[in-house]
Protein chains: 4
Amino acid sequence: MPPQNETKRHRILDAARQVCSQNGYEAARMDDIAHVAGVSKGTLYNFFESKESLLIATVLATHEDFVVVLPAVSDPNLDPRLRLEALVDSLADGFDGITQHIVLSHLTWSAVLTSPSGRQQLLATLRSIYSGYEQQLQSILQAGIESGVLRPDIDIPVVIANWIAIYDGLLYRAGFEEDDPSPAYTAAGVRRSLTWLTEQLLVADSTHPKVELEEETVRP
Amino acid sequence: MPPQNETKRHRILDAARQVCSQNGYEAARMDDIAHVAGVSKGTLYNFFESKESLLIATVLATHEDFVVVLPAVSDPNLDPRLRLEALVDSLADGFDGITQHIVLSHLTWSAVLTSPSGRQQLLATLRSIYSGYEQQLQSILQAGIESGVLRPDIDIPVVIANWIAIYDGLLYRAGFEEDDPSPAYTAAGVRRSLTWLTEQLLVADSTHPKVELEEETVRP
Amino acid sequence: MPPQNETKRHRILDAARQVCSQNGYEAARMDDIAHVAGVSKGTLYNFFESKESLLIATVLATHEDFVVVLPAVSDPNLDPRLRLEALVDSLADGFDGITQHIVLSHLTWSAVLTSPSGRQQLLATLRSIYSGYEQQLQSILQAGIESGVLRPDIDIPVVIANWIAIYDGLLYRAGFEEDDPSPAYTAAGVRRSLTWLTEQLLVADSTHPKVELEEETVRP
Amino acid sequence: MPPQNETKRHRILDAARQVCSQNGYEAARMDDIAHVAGVSKGTLYNFFESKESLLIATVLATHEDFVVVLPAVSDPNLDPRLRLEALVDSLADGFDGITQHIVLSHLTWSAVLTSPSGRQQLLATLRSIYSGYEQQLQSILQAGIESGVLRPDIDIPVVIANWIAIYDGLLYRAGFEEDDPSPAYTAAGVRRSLTWLTEQLLVADSTHPKVELEEETVRP
DNA sequence: AATGAATGAGACTTCATTCAT
DNA sequence: TATGAATGAAGTCTCATTCAT
């Protein structure tokens, strides 16, 4: 497939994402997508078999776009606390496109409900994305416990589940608070929530040390 | 409005919920809803202005059905730890109708995206439901701190946000794990996750007491 | 099905026949058929599943319309020569709607080629119609031989096949001569051709008696 | 026009015939024809103005392919009975490609119905083909009567019309019996039917002589 | 108040034809 | 001259909504 085509395919996927974001999948008309992509309706069908398959491709591509991993997160030589911080940063920074996330979720469910084949494809992709996050967390927590930075009695599966649930939950909720978001459902809120979770994991030198600042001052 | 009509209205709303659950709002046909409700298509329009307004009414009614409050949770005279436990129980027990929750969420977004007027109504309802949970948590946490059962340095807004986010996040995720759910995304998982959260809030008599059993027996 | 509906169904079938006759099945638009039938497009689909099934129903109905049997043909008490004459008359008289026959044939093949299920239905109907003619001829010829009016050495299957083939062949050919038909491909031509065939079957009293007039005068 | 082009034109016509045979003219896509012909879609338009003109050219070419004349049939020095036999043989032998004949007929009507201009061209071609057969028969019958082999009272136009009608009618009918043809609608059936017709034309030496074998042996 | 046949706007999709390469 | 990606007109079919009964 020549690069020209790849570009055009991207244009179509972007257009589809954009148009679907307005009013959802069903309300998106192929005419509109073609118009936004700057191609004709027929060209849409040269790249995608049907509206449904265009939707699925759009959802898959969008999910992949949202997956960002900082090198710092996966570097096993770094202090686990720094790696957790980096992960928090990464997640908080990605929290900006809230609406897109929510619409994406809606589109995903449209696809899952509409297309039996799309369902398998999408669920597999989602599990793979989640699995990536879980493995990263697992590796950091394990390293943290072994290095004595994190409490040895941590119930790793529960902490992982909660970490991800907090992120998803805030994202989900943010969708409904879009018009006038409370501070909890913003990038800053994500940072605060996950930082709080991180604090619960640290070994209690003093009763409850703050991760962020004290670590520098403690070492004289 | 005679009870006969109220019954029929209910039948229609139930039918709408049921039909929408299959393939989403757009795929639900008024014919099908009428058929399932056991009325004619015309009757649908005697009760609801349009398909859109039927959707909104359905979503609102369903949301209200999901709101359950245990007396134990709101009783200010009980031990705050017991009240938190009761809340965990209530939430975990309600986790069974996962699919319905997810579909409800999808329908809600269909409505929000479809209807500019419905948007306000729905968001207001959702905020009010969330607000109820938040106030309950607030009251419990406050009472817990004042009574010395919970740690005095708790950042109440963050804990509330996380509590709700964990629940929503697990619910959200469970939707994608429906086919073969991992233990984290079941009623038991909810119980474990929220219990873990609760444990982080307790005053540390011993290093990390388990809430459930030790509290009654430890104090002589 | 109330009579009102039956009427409307007929109107639709007539409209379909009419519109298809102009330019064939593929060129016929559902919009046009609806317009000609005086109903809306949606109503078409209340009566027929698809354009294809409307076509098949149209072809079947038209075939049935063309089947005409005179009582005289099947009356076993009549002189077989009279019965053959009556059959010739019936076939010749039905030769008027030539164009319709040809277009019908074309439509039939459209249906046979297009729809695997329609194929079976149509071929079965055609066989049944042909079978009716064949049985009638068989009965007349048999009676004719037994009564000594027809030659005893007639090869009945061959004569039947030829009788029907002559009719079909003239019909087929007439379609291509429509603009300026030679006398052979008109009702009169059919009469002449089949009469000739009949003459070959008669017992040779004199060398080759004419069936039509002489039969009355021969019996003194 | 270099032979290369002529070859390519042939390939296209063959491909068109083949593709049209599957599902009729309307269902044949230019893409498919190009693919089967092994050329690009653009090339199709270098050889034919439009799909319609390609259809007409295809039908004309196919009709010409079907026209076969045996030298024996037209040789005026042969015994007219032998010439009739030869014609029967020729027609019966050509009866094998039944399906093709039927599809050809269907295509012809597609063309006639579709293209007002093609209509004249096609009908002219058909008349010319038929005319050739008619003249051959005319010449044979005339010779037969003059030489005393055939009955002097033959109504030549009627016999010609019937001869051709029998052939066309059997062909037409065979199309509908394709799945499970009765013996009447096969090459053998054609032979039997036309032989029967021939027998009716012979001068009655004995009451009803068989053409094939007896003619040579009976006369001492 | 209830019914459901009729309506027709609007969506998806196909495919003959064009034209830049 | 050959190619095949792009085009967009046109057709089928769906389904929310209406309204006569």
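Note on naming: letters A, B, ... go to the chains in the order of the sequence lines (proteins, then strands), and numbering restarts at 1 for each one.
- Here the P atom of nucleotide E/dA11 and the CG atom of C/Asp31 are 16 Å apart, to the nearest Å.
- Between the CG atom in B/Asp32 and the SG atom in B/Cys20 there is a gap of 10.0 Å [rounded to 0.5 Å].
- Annotation for C/Ile56 and C/Gly118: closest pair CD1-CA, 3.2 Å, computed over non-hydrogen atoms.
- Within residues 12-30 of chain B, the residues having any heavy atom under 4.0 Å from DNA chain F are, by residue number, B/Ala28, B/Arg29, B/Met30.
- Using a 4.0 Å cut-off on heavy atoms, the residues of residues 33-46 of chain B that approach DNA chain F are B/Lys41, B/Tyr45, listed by number.
- Summarising the geometry, the separation between CD on A/Glu49 and P on E/dT13 is reported as 10 Å, rounded to the nearest angstrom.
- Here the closest heavy-atom approach between residue A/Leu44 and residue A/Met30 is recorded as CD2-O, 3.4 Å.
- The CZ atom of C/Arg11 sits 12 Å away from the C1' atom of E/dA6 (whole-angstrom rounding).
- F/dC13 atom P lies 17 Å from atom CZ of C/Phe47, rounded to whole Å.
- Taking CG of B/Leu107 as the reference point, atom CZ of B/Arg17 lies at 10.0 Å (rounded to 0.5 Å).
- Comparing E/dT17, F/dC13, F/dA5 by their nearest atom to the side chain of D/Lys51 picks out E/dT17.
- In secondary-structure terms, DNA chain E builds stems of at least 3 consecutive Watson-Crick or G-U pairs, each pair having both distances under 3.5 Å, at E:2-21 with F:2-21.
- For D/Trp109 and C/Phe176, the distance between ring centers is under 6.0 angstrom.
- Partner of B/Phe48 under the side chain to side chain contact (heavy atoms under 4.5 Å, CB included) criterion, out of B/Leu55, B/Thr58, B/Thr43, B/Leu13: B/Leu13 alone.
- Rounded to the nearest 0.5 angstrom, C/Glu52 CD and C/Ser117 OG are separated by 6.0 Å.
- Atom CG in B/Leu54 sits roughly 11 Å away from atom P in F/dA16 (whole-Å rounding).
- Summarising the geometry of A/Val36 relative to A/Gln18, their closest heavy-atom pair is CG1-OE1, 3.9 Å, with the distance given to 0.1 Å.
- Of all heavy-atom pairs between A/Ala28 and A/Ile33, the closest is CB-CD1, 4.5 Å.
- As a whole-Å value, the separation of A/Phe48 CZ from E/dT14 C1' is 18 Å.
- A cation-pi arrangement, defined by a distance under 6.0 Å to the six-membered ring centre and an angle within 45 degrees of its axis, is absent between C/Lys51 and C/Tyr45.
- The two residues B/Pro116 and B/Thr114 have their closest heavy-atom pair at CD-O, 3.4 Å.
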